[in-house]
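Naming: A, B, ... by sequence-line order, numbering from 1 per chain.
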There are 2 protein chains.
Amino acid sequence: MFYTVGEAAKRLGVAPSTLRYYDKEGLLPFVERTDGGIRMFKQSDFEGLRLIECLKKTGMPLKDIKRFMDLCSVGDESISERLDMIDRQRERVLGQIEQLKENLQILDYKHWYYETAKSAGTCAVHATLTKEDIPQELRSARECLEGREAPRAVNQ
Amino acid sequence: MFYTVGEAAKRLGVAPSTLRYYDKEGLLPFVERTDGGIRMFKQSDFEGLRLIECLKKTGMPLKDIKRFMDLCSVGDESISERLDMIDRQRERVLGQIEQLKENLQILDYKHWYYETAKSAGTCAVHATLTKEDIPQELRSARECLEGREAPRAVNQ
DNA sequence: TATTGACTTAAAGTTAACTTTAAGTTGTAG
DNA sequence: CTACAACTTAAAGTTAACTTTAAGTCAATA
């Protein structure tokens, strides 16, 4: 029925010290103790822990996660503020995915660049190539690497 | 023709101290200096800087980025090792995108959860709902939060 | 009941990636 | 030629998120 901190940590794939640290920081107000002071993680605690994992993996700092957990503790009056936090995090994740996709394109371009250089035996081959030699779908990434900004005037 | 560290930093949207730090750590072997020791960033340096930005934003640690830059410095003999690093980073980014999408589903579920609770005025409404009340596309995220793992036996 | 492995806390240590500070130098504008 | 803003380095400081250590307690088993 209950898990100790070591068992819970194993189930979650984290170090026991991490869970103790989170608890100390106030992220786990829902975890109860035995009379002797031993933490007892119950089945329902893992839902909170999985949400923490989700927020953490999407880049939310621990102090904001604590803020969310504090809101959970105050009850129904904080529902819309919790909803706001979730919505803002959703927006951030959508942005992160977009940014990763852009960076993936740059990596795709670099993959092509080094594949081509590898075949030729030298990076110098790229001096002999024109824009048309670059695969269509990699051209925008190439331009991004070159720098989209208008080159600023010299002494200005 | 050339940018100082402050101008380059502004163009890249980072602090000048960040560029000096990267230089000190060996990430910018391509940046030349005036006789007086002032860094001169040329147009072509920004391509290297943008790649560093890309690697950093996809989570590569600075020491690995330095490794990549060191490989660039040795010339053509390191082409296939550079290709390997790029390919490994591509794999990592694909994994990151997948993970963000999974976590986004959990946030989507939580969005629905709090929207529903907000309408009802209480989170208690969820006790009255059955699986069928959860929108189809959010059910798997819900199960993820509940914990997929088989509940382990009590005293074991 | 004694042992033992896992638990407890508080405090100090670690790591990455910067940022700040201090003391001094460079180079452009007046 | 002097001011002065922006540059230089080395070293120390910061922050987040843990991890480790030390000293002690709990509770299940022999």
Please report the C-alpha distance between B:E32 and B:K42 in whole Å, then the side-chain angles of each, then the deciding distance to 0.1 Å, and finally whether the salt bridge (Lys or Arg N to Asp or Glu O under 4.0 Å) criterion is met. CA-CA 8 Å; B:E32 294 176 60; B:K42 41 191 186 307; 3.4 Å; yes
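If you check every strand for non-hydrogen atoms under 4.0 Å, A:T18 touches sugar and phosphate atoms only. Residue-level contact check: B:P61 touches the backbone only, with heavy atoms under 4.0 Å from sugar-phosphate atoms and none from bases. Counting non-hydrogen atoms under 4.0 angstrom, B:R39 reaches the backbone sugars and phosphates but no base. Among the atoms of the strands shown, only primed sugar atoms or phosphate atoms (P, OP1, OP2) are found under 4.0 Å from some heavy atom of A:T4.
B:D133 and B:T130 share a side-chain donor-acceptor pair at under 3.5 Å.
Within the model, atoms NE2 of B:H111 and CD1 of A:I86 stand 10.0 Å from one another, a figure rounded to the nearest 0.5 Å. Of the inter-residue distances, the one linking A:T58 atom OG1 with A:E53 atom CD reads 10.5 Å to the nearest 0.5 angstrom.
If you walk DNA chain D from 5' to 3' and mark each nucleotide with an atom closer than 4.0 Å to a heavy atom of chain A, the marks span D:dA17 to D:dA27.
Along DNA chain D, the nucleotide nearest B:K24 and the nucleotide nearest A:K63 are compared for position; the residue whose nucleotide lies closer to the 5' end is B:K24. If B:G6 and A:G36 are placed on DNA chain D by their nearest nucleotide, the residue sitting closer to the 5' end is B:G6. In terms of position along DNA chain C, the nucleotide closest to B:Y22 lies nearer the 5' end than the nucleotide closest to the other residue of the pair B:I38 and B:Y22.
With contacts defined as side-chain heavy-atom distances shorter than 4.5 Å, the pair B:Y113/B:C123 qualifies.
With respect to the salt-bridge test (charged N to carboxylate O, under 4.0 angstrom), the residues B:R11 and B:E7 do not qualify.
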